[in-house]
Amino acid sequence: MKLNDAVFGLLLILLGGGVLFAVQGYPKIPGQPVGPALFPGLIAVGLCVTGLLLVVRGWRQRAVQGWLAWDDWVRSPRHVAALAVLLASIVFYIVAADSLGFLPASFLILLALCLVLRVRPRTALAVAVVATLVVHFAFYKLLKVPLPWGVLQGVAW
């Protein structure tokens, strides 16, 4: 699905306008030509200009593409199933990660994603195991992010 560029342009203009409104309340630094509002204000102006360009472009293209266009993958059951598994895996992690633990939950998610994307089962199993362990090591050991152990609490390392 593709929304017309004008829709995103309007969102960028609203975001930029909101930031410009918010930075007006930032304190001024006495004796300084610039203050804490300078860089957020510049970024907000950039968002507004970019949004305006997108609105103009989208308005010109509305006759050709309309406001909403569906991509070809939407008609493919395989691709729709892959999207459904992806969304379900996010919900599954939110619901099950604390009780099941990061390692089993992420292994099951990666395995399901690989299988729905038609990776051979043996390769999918290997990728799920290795990727889960690498991600766990990177976040738990290197970045010190507390990941849930769940059912593996007794063997936590």
Between [X] and [Y], is there a shared hydrophobic cluster once you connect ILVMFWY residues whose side-chain heavy atoms come closer than 4.5 Å?
X: L100; Y: L152; value: yes
X: V55; Y: V7; value: no
X: L42; Y: I13; value: no

Handout entry: salt bridge (Lys or Arg N to Asp or Glu O under 4.0 Å) contacts in which one or both residues fall within residues 73-83, not counting sequence neighbours
Key =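 Passing the test, one end in residues 73-83: D72-R75.
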Handout entry: salt bridge (Lys or Arg N to Asp or Glu O under 4.0 Å) contacts touching residues 30-45 (sequence neighbours left out)
Key = none
Practice task
Output the distance between atom CG (L47) and atom CG (L52), rounded to the nearest 0.5 Å.
Solution key: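 Going from the CG atom of L47 to the CG atom of L52 covers 12.5 Å.
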Handout entry: Point-to-point distance, once rounded to the nearest 0.5 Å, from CZ of R57 to CG of N4
Key =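 Separation between the atoms: 9.5 Å.
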Practice task
Supply the members, apart from F137, of the Ile/Leu/Val/Met/Phe/Trp/Tyr cluster built from side-chain contacts under 4.5 Å; use none for a lone residue.
Solution key: L142
Problem - Hydrophobic cluster partners of V56 (side-chain heavy atoms under 4.5 Å) - result: none
Please tabulate, one pair per line, all N/O donor-acceptor pairs under 3.5 Å involving side-chain atoms of residues 83-98, not counting sequence neighbours.
unit_1: S89; atom_1: OG; unit_2: V85; atom_2: O; d: 3.3
unit_1: S89; atom_1: OG; unit_2: L86; atom_2: O; d: 2.6

Handout entry: Exam field: side chain D5 to backbone L54, donor-acceptor pair closer than 3.5 Å
Key =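 Side chain of D5 to backbone of L54: no pair is present.
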Handout entry: Residues forming a side-chain hydrogen bond (donor to acceptor under 3.5 Å, both in side chains) with S76, sequence neighbours excluded
Key =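 Testing S76 for side-chain hydrogen bond (donor to acceptor under 3.5 Å, both in side chains), a comparison that skips the adjacent residues, returns H79.
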Show me, pair by pair, the donor-acceptor contacts under 3.5 angstrom made by side chains of residues 102-126, not counting sequence neighbours?
unit_1: S106; atom_1: OG; unit_2: F102; atom_2: O; d: 2.8
unit_1: S106; atom_1: OG; unit_2: L103; atom_2: O; d: 3.4

Exercise for the section: Please identify each residue that fulfils side-chain contact (heavy atoms from CB on, under 4.5 Å) with V130, with sequence neighbours left out. Expected result: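 With neighbours one apart ignored, the set is V134.
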Scan the side chains in residues 15-40 for donor-acceptor partners under 3.5 Å anywhere in the protein, sequence neighbours excluded, and list what turns up.
unit_1: Q24; atom_1: NE2; unit_2: L20; atom_2: O; d: 3.2

Problem - Test item: V45 and I43 side chains (from C-beta on) under 4.5 Å apart, heavy atoms - result: no
